[in-house]
Amino acid sequence: MKEKKKILRTCVVSKEVCEKKDLIRIVRTPEGEVKIDLKGKLNGRGAYLKLDKDIIELAKKSKALDKKLEVQVPDIIYEELLNLFN
């Protein structure tokens, strides 16, 4: 039987290629809202971040998500991402 193909994506901060399950997707919807996409199915432009507190803090500092999604990401999104670890 064939092995299931691994889905790989690149973290926008670390540029590390990881399996999709090890990353979290942030989406800019067609309406311009920014949301955390836990299931990976939301419609819109997406960017992936590694599930790591340091990476999330670096993304906020460097504004990597703002550049990738072409919209200003609100601070509440970063707070929600950090709360996923609690």
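Not measured: the values here are computed from a predicted model.
- Put simply, the side chain of V27 does not reach to within 4.5 Å of the side chain of V34, judged on heavy atoms.
- In this structure a side-chain-to-backbone donor-acceptor pair under 3.5 Å is missing from R9 to K20.
- C18 is not listed as a side-chain neighbour of L8, based on a closest heavy-atom distance of 4.5 Å or more.
- Nearest heavy atoms, K35 versus T29: CD-CG2, 4.1 Å.
- Going from atom CG of D66 over to atom CZ of R28 covers 11.5 Å, rounded to the nearest 0.5 Å.
- By the 4.5 Å heavy-atom criterion applied to side chains, E19 and I7 are not counted as neighbours.
- Electrostatic pairing of E16 and K50 counts as a salt bridge here, judged by a charged N lying under 4.0 Å from a carboxylate O.
- Scanning all heavy atoms of the two residues, the minimum distance from D75 to K60 falls at OD1-CE, 3.6 Å.
- Side-chain contact between L49 and L23 is absent, with no heavy-atom pair separated by less than 4.5 Å.
- Closest approach of R45 and K68 over heavy atoms only: NE-O, 2.8 Å.
- Between G44 and P30, the shortest heavy-atom contact is CA-CD, 4.2 Å.
- Interatomic distance, L58 CG to K61 NZ, rounded to the nearest 0.5 Å: 7.0 Å.
- L51 contributes atom CG, which lies 9.5 Å from atom SG of C11 (distance to the nearest 0.5 angstrom).
- The cluster map of Ile, Leu, Val, Met, Phe, Trp and Tyr, joined by side-chain heavy atoms under 4.5 Å apart, puts V17 and I24 in different clusters.
- Within the 4.5 Å cutoff, no side-chain heavy atoms of I56 are placed close to those of D52.
- Following chains of ILVMFWY side-chain contacts shorter than 4.5 Å, one cannot reach V12 starting from L42, and the two form parts of different hydrophobic clusters.
- Rounding to the nearest 0.5 angstrom, the gap separating the NZ atom in K53 from the CD1 atom in I55 is 14.0 Å.
- What you find for R25 and D37 is that their closest heavy atoms are NH1-OD2, 2.7 Å.
- At a threshold of 4.5 Å between side-chain heavy atoms, the hydrophobic network of Ile, Leu, Val, Met, Phe, Trp and Tyr places L84 and L82 in one connected group.
- Between I26 and Y48 there is no side-chain heavy-atom pair separated by less than 4.5 Å.
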